[in-house]
Amino acid sequence: MKETPLNTNSKLIPLSFTNTLTRKKEIFVPIIPGKISIYCCGVTVYDLCHLGHARSYIVWDVLRRYLLWLGYEVRFVQNFTDIDDKILNKAFKEGSTMQEVSSKNIAAFHKDMDALGILRPDSMPRATKCLDSIRDLISELQDKGVAYESHGDVYFSISSCSEYGKLSGRDLTTQQKNADGRIEKHEEERKRNVLDFALWKSAKPGEASFPSSWGPGRPGWHIECSAMVREELGETIDIHLGGSDLVFPHHENEIAQSEAANDKELAHFWLHNGMVNVKGQKMSKSIGNFKTIRSLLESGVSPMTLRMFVLQAHYRKPLDFTDESLLATSTGWKGLNSALNFGNIYSKLLEWNKMNFVQDELEDKLKNSKSRFVNSMNDDLNTSGALSVLFELSKPLRSLAKKLELNEQLDLNKLENFSLFSRWNLLVELASSIGLYNEDDATSTPLMANSLKEEQIEKAILERKVAKNNKDFQKADKIRDFLKTHDIELLDKKDGITHWRYEPRS
RNA sequence: GGCGGCAUGGCCAAGCGGUAAGGCAGAGGAUUGCAAAUCCUUUAUCCCCAGUUCGAAUCUGGGUGCCGCCUCCA
């Protein structure tokens with residue numbers, strides 16, 4: 001474990017998370033000191049991902065980055081469910097195969113997640129590539145007498161599991177009553193108990209299938225995760241992640257299977273993220289109230305805006321999506337981003353390139369900011385609180401940028417220049433720890449889709465300058481409006497200099 | 001019906017018993033050919049009722065309203 005960057009001057013609260021298993025905030029201690037194993041439930045690859053998925057994976061990316069920043073060695077595994085009814089249906093509709101549909105959507109998933117700046121997991125197992133371990137696990141459960149075969153299907157028997165319901169806090173007797181009539185008849189007849197769930201499903205005629213000792217079929221949904229966790233990370237892991245809609249039945253069943261097979265606790269911590277809502281209702285494919293990540297990015301919403309949008313709310317709470325709230329975040333992000341870019345623009349002018357950033361020499365004020373940031377993050381990932389520290393850190397930098405822009409005569413000594421230098425470095429470091437700063441982004445020119453070439457823009461600016469000098473403001477404004485239609489915004493600075501920037505919708 | 005969660009200014013959102021962070025919007029100011037952008041300043045007693053306490057947005061009890069899960073779902 002590398003040295004942690006936590007040299008602050010005040011007491012820090014210990015890293016803790018709300019554990020769904022106990023419904024309490026608990027201090028986090030890894031099984032092996034310095035190392036953390038994480039399994040995150042991935043997507044079923046039948047379609048493009050929407051903002052709800054983005055929230056989930058952004059939040060867990062922030063968790064992972066933060067743990068790395070704290071100095072932990074993290075192994076992060078996330079699966080692809082590439083065997084599923086919805087994929088089969090899609091393949092049938094499109095006249096293609098399950099493999100084609102899933103490959104296409106896995107590629108799309110990577111494209112979207114990369115665009116959002118989400119670190120790729122250390123491993124991304126696919127159900128179709130783990131069939132041996134899945135079948136082995138099912139056999140083990142059968143051997144232990146907690147699973148039974150029925151008409152080519154294999155079911156897990158929940159009555160064999162005394163702790164069933166411990167994650168979701170359910171009581172079997174009421175569940176049973178409510179499950180009545182909600183299960184397909186043929187399935188109900190095959191089960192000993194309506195709540196028993198499939199480990200292996202026999203193939204219907206003509207359906208894609210995989211061989212097994214129970215006959216051709218495919219694995220049930222929950223079993224793949226149990227098999228993958230064990231294969232990739234071992235019998236007991238530190239943290240298991242997923243959306244709150246997976247608590248029951250998916251994670252409950254996963255626990256039942258894994259713990260029955262291994263006689264060991266599956267995960268010490270279960271963290272679940274809240275849903276993205278639209279007008280108070282969960283964003284989902286079935287309701288049709290969703291926005292794909294793709295369409296949001298293509299409409300000009302920046303990845304960092306989306307990240308900040310997600311981080312403004314606590315990860316467990318529902319997050320309401322509206323165009324207005326996204327726009328508000330976009331404006332906020334621009335402000336923070338200008339402070340993050342400050343050093344890249346002014347370091348030469350302020351002679352920062354001659355200075356050295358040393359954590360230990362932070363003045364008290366900055367150490368306090370750092371403590372507040374760390375304490376917020378340590379307190380069950382209070383990203384909203386952490387963000388407020390970033391905004392506070394950014395304020396003096398933004399003020400200074402304004403002064404420099406106005407060409408005010410500044411005495412570098414009176415400026416508390418070193419303090420500002422440290423402030424900027426701290427801001428960048430803390431923002432980086434949650435993925436809100438990317439040096440490449442900061443220095444590269446923005447991608448201008450459907451816009452003008454730089455020469456055209458410069459030429460238009462020159463024309464406008466001539467018009468302005470001739471007091472022909474009508475023509476000058478016309479040129480400005482024209483550029484605006486191409487998402488180019490003009491910024492008149494002191495001394496007749498005009499800057500421009502690419503500024504899509506939000 | 002069962003289980004879980006939430007209710008803080010115009011909007012979003014922290015707060016975890018000691019006198020309400022932050023963002024957006026609004027207002028005023030600086031700047032500007034007009035703008036835009038930017039910078040400065042500024043705006044709340046926390047759903048209702050009853051309790052515990054020297055002290056509660058924060059704890060307890062009772063309401064009211066909203067949401068999620070119980071079927072595939074991040």
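Reminder, nothing fancy here: chain letters follow the sequence lines and each chain counts from 1.
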query: Heavy atoms under 4.0 Å, any strand shown: does A:H499 hit a base, just sugar-phosphate, or nothing?
result: nothing
N/O contacts under 3.5 Å, protein versus nucleotides 66-68 of chain B?
from  : atom 1 : to     : atom 2 : distance (Å)
B:C67 : O3'    : A:G280 : O      : 3.3

Of the listed nucleotides B:A37, B:C34, B:C70, the one nearest the side chain of A:F248: B:C70
Ring-ring centroid check A:W60 A:Y315, cutoff 6.0 Å: yes
message: What contact category does A:G274 fall into here, base, sugar-phosphate, or nothing, at under 4.0 angstrom with non-hydrogen atoms?
response: base
task: Would you jot down, in residue-number order, the residues of residues 161-168 of chain A having a non-hydrogen atom under 4.0 Å from RNA chain B?
output: A:S168
message: One thing to verify: whether A:R464 and A:D492 come together as a salt bridge, which I'm taking to mean a side-chain N less than 4.0 angstrom from a carboxylate O.
response: yes
field: All ring-ring contact (aromatic ring centres under 6.0 Å, His included) counterparts of A:H499, not counting sequence neighbours
entry: none
message: Base, sugar-phosphate or nothing for A:G169? Non-hydrogen atoms, less than 4.0 Å.
response: sugar-phosphate
statement: Hits for salt bridge (charged side-chain N to carboxylate O under 4.0 Å, His left out) against A:E324, two or more places apart or cross-chain, chain-then-number order -> none
task: Would you classify A:D320 as touching base, sugar-phosphate or nothing, given that sugar-phosphate means primed atoms plus P, OP1 and OP2, and contacts are heavy atoms under 4.0 Å?
output: nothing
message: Taking salt bridge (charged side-chain N to carboxylate O under 4.0 Å, His left out) as the definition, give me every residue that meets it alongside A:R120, ordered by chain and number, with sequence neighbours left out.
response: A:D114
task: Would you classify A:D477 as touching base, sugar-phosphate or nothing, given that sugar-phosphate means primed atoms plus P, OP1 and OP2, and contacts are heavy atoms under 4.0 Å?
output: base
- request: Would you classify A:R23 as touching base, sugar-phosphate or nothing, given that sugar-phosphate means primed atoms plus P, OP1 and OP2, and contacts are heavy atoms under 4.0 Å?
  value: sugar-phosphate
Between protein and nucleotides 20-23 of chain B, what N or O pairs are separated by less than 3.5 Å?
from  : atom 1 : to     : atom 2 : distance (Å)
B:A21 : O2'    : A:E392 : OE2    : 2.9
B:A21 : N1     : A:S384 : OG     : 3.4
B:A21 : N3     : A:S388 : OG     : 3.2

- prompt: Which part of the nucleic acid, if any, lies within reach of A:V43 when heavy atoms closer than 4.0 Å are counted: base, sugar-phosphate only, or nothing?
  reply: sugar-phosphate
query: Whole-Å distance between B:U71 P and A:N253 CG?
result: 11 Å
task: Report the residue from A:R398, A:R423, A:R372 that forms a salt bridge (charged side-chain N to carboxylate O under 4.0 Å, His left out) with A:E392.
output: A:R372
- prompt: What is the nucleic acid contact for A:K25, judged by heavy atoms within less than 4.0 Å: base, sugar-phosphate only, or nothing?
  reply: base
message: Does A:K468 reach a base, just sugar-phosphate, or nothing at all? Heavy atoms under 4.0 Å.
response: base
- prompt: What is the distance, rounded to the nearest whole Å, between atom CG of A:L319 and atom C1' of B:C11?
  reply: 14 Å
